[in-house]
Amino acid sequence: MLRDRRFSIELSKILRRMIPLRQVECVELMLSANNLTVAYARALQSVSTPDQLVGRAKQKRKNNGVTQEQMAKMEREMSNVQTQYKLAEQSYGEDMLNFVLTRGYVSKLLENSRVLRFLEQRHAHVVAQFKILVQTASQEL
């Protein structure tokens, strides 16, 4: 996964302190966030459970003044964020396709003079929003 990427050697050292399954999870998270930094890897390591760590990393696990309750809460929140991120990532393609199709349809509606006149007479505020949608979408795509 990291073959064609540049990253710090320190990142490899941090990943080696985790079991292989956790390594893959962390690399996927870092790649999807486009964040291959040592700081992010350390953060992911710090929220890893002891059973996801290897050897001395289990023993050296520092809490840095964080109580077990706070650590458990952070782990739950991190897990929740990871799940939400993966769901958003999965639906992004479909959402983008729907957006492009909708933009095209609205653009065609606005090109039709009869439809445009009707909308301007009865729903001027909607026409203004449609025009903004089409202009913004054209700039982004």
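Val27 and Ile9 are members of different hydrophobic clusters when ILVMFWY side chains are connected at heavy-atom separations under 4.5 Å.
Taken to the nearest 0.5 Å, the CD atom of Gln135 stands 12.0 Å off from the CZ atom of Arg103. Separating the CG atom in Leu15 from the CG atom in Leu44 is a distance of 8.5 Å, to the nearest 0.5 Å. Atom CD in Glu25 sits 8.0 Å away from atom OG in Ser48 (nearest 0.5 Å). We find the CD-CD distance between Gln23 and Gln52 to be 11.5 Å, quoted to the nearest 0.5 Å. To the nearest 0.5 angstrom, Ser91 atom OG is 10.0 Å from Asn98 atom CG.
Listed by chain and number, the residues in a salt bridge (charged side-chain N to carboxylate O under 4.0 Å, His left out) with Arg16 amount to none (sequence neighbours excluded). With sequence neighbours excluded, the residues forming a side chain to side chain donor-acceptor pair (under 3.5 Å) with Asn35 are Thr37, listed by chain and number.
Between Lys73 and Arg76 there is a side-chain heavy-atom pair separated by less than 4.5 Å. Proximity of Leu53 to Met18: side-chain heavy atoms (C-beta onward) are separated by under 4.5 Å at one or more points. A 4.5 Å side-chain heavy-atom check between Ile14 and Tyr40 finds every atom pair outside the cut-off.
Of all non-hydrogen atoms in Arg22 and Val47, the two that sit nearest each other are NH2-CG2, 3.9 Å.
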Quick one: side chains of residues 77-88, donor-acceptor pairs under 3.5 Å with protein atoms, not counting sequence neighbours, listed by atom name and distance.
unit_1: Asn80; atom_1: OD1; unit_2: Gln84; atom_2: NE2; d: 3.4
unit_1: Thr83; atom_1: OG1; unit_2: Ser79; atom_2: O; d: 2.9
unit_1: Tyr85; atom_1: OH; unit_2: Ser32; atom_2: O; d: 2.5

Residues 106-117 side chain polar contacts: donor-acceptor under 3.5 Å, at least two apart:
unit_1: Asn112; atom_1: OD1; unit_2: Arg114; atom_2: N; d: 3.0
unit_1: Asn112; atom_1: OD1; unit_2: Val115; atom_2: N; d: 3.4

Side chains of residues 120-128: which donor-acceptor partners sit under 3.5 Å, not counting sequence neighbours?
none

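Through direct or indirect side-chain contacts shorter than 4.5 Å among Ile, Leu, Val, Met, Phe, Trp and Tyr, Leu97 is connected to Leu101.
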